[in-house]
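Heads up, the thing below is written out as structure tokens.
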Amino acid sequence: MTEPFRQNGEYPPPPAYPAPAPAPASMPAPHRSGRRARGPLALLAAVALAAAAVGGGTAYAFQTLTGDDSGSGGAKNVNGTSVSTGSKGTVAGVASAVSPSIVEINATTGSGKSTGSGVIVTSDGEIVTNNHVISGATEITVRTSDGKTYKAKTVGTDSKKDLALIKLEDASGLKAASLGDSDDVQVGQEVVAIGSPEGLTGTVTSGIISALDRDVTVSADPGRGQEQGGEGQQGPGGGWPFEFGGEQFNGDTGSSKTTYKALQTDASLNPGNSGGALIDMDGNIVGINSAMYSPSSAGSAGASGSGSGSVGLGFAIPINTVKGDLAKLRAGATG
């Protein structure tokens, strides 16, 4: 066997081994008995772990409830509306977003004056309303939500659908309403109505859609009269005469009539609401308010009650009917 190499008759020293690393100052030295550490330090570590778990859960719950995974917490806008996330689904949020698009209409005829409402559909002043609000008018004055007044001219009318389009003079920068899809409306859905009942501009009421596709019959005679907030021809209840369920309300509809499919709502409507907006909770217009039932104004048996005004039975022309008629109205249709 070969002997290990020796230098000066001595064997070389053994190789050096690194010393064990010192334990961190913040950690206790290992307990020689192998038992778990007890006391204040262990309790502090447990509390820290629990706090981290709760904090993470809270952050997750906040993101889930707000729908904001970015963590920015900023308000978002609903597509096609200006109803912010924070006020989406509230009457206050809808009213704030849509009221600038609703106007009061005052029409002067040979027989008096009438008051109704309208919906701005273009920023330069095109406004949709009911035909019975402006039919036979010799002068039309419109007041916007900010108090400004404009003169207006009739562009087109469609008495069979009880619709009309008027245009403001010298108007610009107006807030046009967002027109929704009335085919998506469901019974029980919450809605908001905005108009000028009895000349009270910008009045907001709320309710639900109580029925769909109701057959509502109104006069097709342009000279029959308008929605009344003052003088002029009107039914005993102060509103536009119409027929529903085989009965006449607010007076006699006459011999020239037309029937359309309407949305039924329990949102409070009164004389002057005609031509105003019925709005979903995203701020989209789903109907143009057109008729309301007042029990004391019934023209046949079956209606009861001694007071006039809204009793939760109103009707609106579906907005899809309006959108389908806009091109005809813009082309200057009459009748």
Side-chain angles (χ1 to χ4, degrees), residues 101-122 124-172 174 194-203 218-242 250-254 256 258 269-277 288-292 294 297 308-309 317 322 329-330 332-335:
S101 301
I102 312 303
V103 301
E104 177 186 296
I105 299 174
N106 291 283
T108 301
T109 69
S111 57
K113 297 180 180 180
S114 67
T115 299
S117 307
V119 177
I120 300 172
V121 293
T122 62
D124 61 349
E126 282 188 348
I127 293 173
V128 169
T129 186
N130 288 141
N131 178 61
H132 72 257
V133 171
I134 55 86
S135 63
T138 55
E139 182 180 81
I140 301 173
T141 302
V142 172
R143 182 166 60 171
T144 55
S145 64
D146 59 3
K148 293 181 180 179
T149 59
Y150 299 86
K151 296 295 184 182
K153 299 292 185 182
T154 300
V155 177
T157 60
D158 187 345
S159 61
K160 292 183 178 180
K161 296 179 181 177
D162 196 15
L163 291 173
L165 184 70
I166 64 175
K167 179 73 162 53
L168 304 186
E169 297 178 357
D170 303 319
S172 63
L174 302 179
I194 304 179
S196 299
E198 309 295 352
L200 301 173
T201 305
T203 296
V218 297
S219 173
D221 181 1
R224 190 84 189 152
Q226 294 85 21
E227 181 78 6
Q228 298 299 318
E231 311 169 37
Q233 297 177 353
Q234 58 180 319
W240 174 241
F242 73 100
N250 304 338
D252 184 8
T253 53
S256 179
T258 183
L269 302 178
N270 288 285
N273 268 117
S274 282
I288 299 297
N289 299 320
S290 57
M292 70 292 303
S294 183
S297 65
S308 62
I317 302 168
V322 178
L329 295 173
R330 283 172 173 151
T334 57

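Treat the numbers as computed from the prediction; the structure is a model and nothing was measured. Numbers here are sequence positions counted from 1.
- Under a 3.5 Å cut-off, the side chain of Ser196 and the backbone N or O of Gly272 do not form any donor-acceptor pair.
- Put simply, NZ on Lys153 and CG on Leu168 are 12.0 Å apart, with the number rounded to the nearest 0.5 Å.
- Counting heavy atoms from C-beta outward, Asp162 and Ile317 have side chains that approach closer than 4.5 Å.
- Between the Thr258 side chain and the Lys160 main chain, a donor and an acceptor come within less than 3.5 Å of each other.
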| task | Evaluate the side chain to side chain contact (heavy atoms under 4.5 Å, CB included) criterion for residues Ile102 and Ile120: first the C-alpha distance (whole Å), next the side-chain angles of each, then the deciding distance (0.1 Å), finally the verdict. | result | CA-CA 6 Å; Ile102 312 303; Ile120 300 172; over 6 Å; no
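- Salt bridge Arg143/Glu104: present, at least one basic N to carboxylate O contact under 4.0 Å.
- For the atom pair OG1 (Thr108) and CD (Glu139), the distance works out to 5.0 Å, reported to the nearest 0.5 Å.
- By the neighbour-count criterion of 12 heavy atoms within 6.0 Å, atom CG of Asp146 is densely surrounded, having more than that number from other residues, nucleotides or ligands.
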| request: Let me see the working for Val119 and Ile288 under side chain to side chain contact (heavy atoms under 4.5 Å, CB included), right down to the final yes or no. | output: CA-CA 8 Å; Val119 177; Ile288 299 297; 3.7 Å; yes
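- In this structure, CE in Met292 is found 5.5 Å from CG in Asn273, a value given to the nearest 0.5 Å.
- Ile134 contributes atom CD1, which lies 10.0 Å from atom NE2 of His132 (distance to the nearest 0.5 angstrom).
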| task | Could you walk me through whether Ile140 and Asn106 pass the side chain to side chain contact (heavy atoms under 4.5 Å, CB included) test, one step at a time? | result | CA-CA 6 Å; Ile140 301 173; Asn106 291 283; over 6 Å; no
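- Here CG of Asn130 is found 9.0 Å from CD1 of Ile105. Values are rounded to the nearest 0.5 Å.
- When the options Leu329, Val322, Leu165, Thr334 are evaluated for a side-chain contact (heavy atoms from CB on, under 4.5 Å) with Asp158, the one that passes is Leu329.
- Under a 3.5 Å cut-off, the side chain of Thr129 and the backbone N or O of Ser117 do form a donor-acceptor pair.
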| field | side chain to side chain contact (heavy atoms under 4.5 Å, CB included) evaluation trace for Lys167 with Val142 | value | CA-CA 10 Å; Lys167 179 73 162 53; Val142 172; over 6 Å; no
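- When all heavy atoms of Thr157 and Thr154 are compared, the pair lying nearest together is CG2-CG2, 3.7 Å.
- When side chains are defined from C-beta on, Val133 counts as touching Ser274, because their heavy atoms get closer than 4.5 Å.
- When side chains are defined from C-beta on, Tyr150 counts as touching Leu174, because their heavy atoms get closer than 4.5 Å.
- Under the 3.5 Å distance criterion, the side-chain polar atoms of Thr109 are matched with a main-chain donor or acceptor of Gly112.
- Looking only at atom types and distance, the side chain of Ser159 has no donor-acceptor partner in the side chain of Asn131 under 3.5 Å away.
- Remark: Lys151 NZ to Thr141 OG1 distance equals 3.5 Å, nearest 0.5 Å.
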